[in-house]
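Counting convention: from 1, in listed order, for ligands and their atoms alike.
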Amino acid sequence: MTFSVTVLGSSASIPAYGRFPSSQVVNHNEKLFLVDCGEGTQMRLHQNGFRRGRIHHIFISHLHGDHFYGLIGVLTTMNLLGRNKPVHLFSHSAILNVIKVQLEVAQTELTYELILHPLDGLGQEVIYENEVIEITTLPLNHRVPCWGFLFREKRLARRFLSEKAAQFNIPFHMIPRLKAGEDYITPSGQVVKSLDVTADPPEPRSYAYVADTAYDETLIERVSHVDLLFHESTFNEENRQRAAETFHSTALNAATIASRSGAKQLLLGHYSAKFKDLEPLLAEAKTVFDNTLLSMDGKAYTVGRPTALEV
Ligand SMILES: [Zn+2]
Ligand SMILES: [Zn+2]
């Protein structure tokens, strides 16, 4: 089951050195979730081979321009492509004011339904789930209301081992029950143990997207043991004062959260235009958390280990 994050933009508010403002595509099991939508997102989607028609869920962390100025472009291009399926938008509700004005001025009417799921006032809550994954908000500590998003796979049923089971002539309707742990008794009275014909499911994987935030130790508990942690690292320690004033983090802050929360891997991003060379940020993070990567525009990162398909 695919679980990956493609970074479309790794820049903070002023795009620089070819880095676009914030946007990512989380691909879980070929379902695409667009996370933040900075200026140029639709071009980046195109460049990275993501068809806009495959995006049904858009998550906006907060209403600073570098996280949503690309939204009207994505939404109206979907219109031009004749979209009729609804788009679910998870955001602070004030975003609707902006979209309304832009559509009105351009005398454009959407051909599809735009369904807003307001984040206003939400604490840490599940805002989306399907059979295999759930997405939870992570309230952050920024100058305006801001949320990160935690993607956690659900624990699946045990895997059915059809080769091992072949000799028992197990009726089809018993397979889900065996996967749920129930044993099966054949017509001749033989007991087929669930444990003998099923295997442990893969360990659920998780991805945390920590958007703009001041250093916040409450995250340690809230993003505990994720496989991949994206944590903004707008600055380095030399600019610690500036980070505090603007409610942003340093690379060292990000690495400290990664280390203390037990993350398996850390992805840095949301880089200030101060940094042409990002190596100092990486080096700083690695002083406390070695398994750190610099996120780069157009690169995809796997969450945890790819797992075999379920039977
Ligand atoms: Zn930002
Ligand atoms: Zn911001």
So which pairs with a foot in residues 233-258 pass salt bridge (charged side-chain N to carboxylate O under 4.0 Å, His left out), sequence neighbours left out?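 Applying salt bridge (charged side-chain N to carboxylate O under 4.0 Å, His left out) to every pair that reaches into residues 233-258, excluding sequence neighbours, yields E237-R240, R242-E245.
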Hey, are [Y] and [X] close enough side-chain-wise for a donor-acceptor pair under 3.5 Å?
X    : Y    : value
T136 : Q124 : no
D66  : H270 : yes
E232 : T234 : yes

Show all protein N/O/S atoms under 2.8 Å from the Zn ion (ligand 2), or state that there are none.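 Listed by chain and number, the atoms are H62 NE2, H64 ND1, H142 NE2, D212 OD2.
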Under 30°, 30 to 60°, or over 60°: which ring-plane class applies to H57 and Y128, parallel, tilted or perpendicular?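 Rings of H57 and Y128: perpendicular, as their planes differ by over 60°.
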Can you classify the ring geometry of H142 versus H64 as parallel (below 30°), tilted (30 to 60°) or perpendicular (above 60°)?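 Aromatic pair H142/H64 classed perpendicular.
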Tell me, which N, O or S atom in H270 is closest to the Zn ion (ligand 1)?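 Minimum-distance N/O/S atom of H270 relative to the Zn ion (ligand 1) is NE2.
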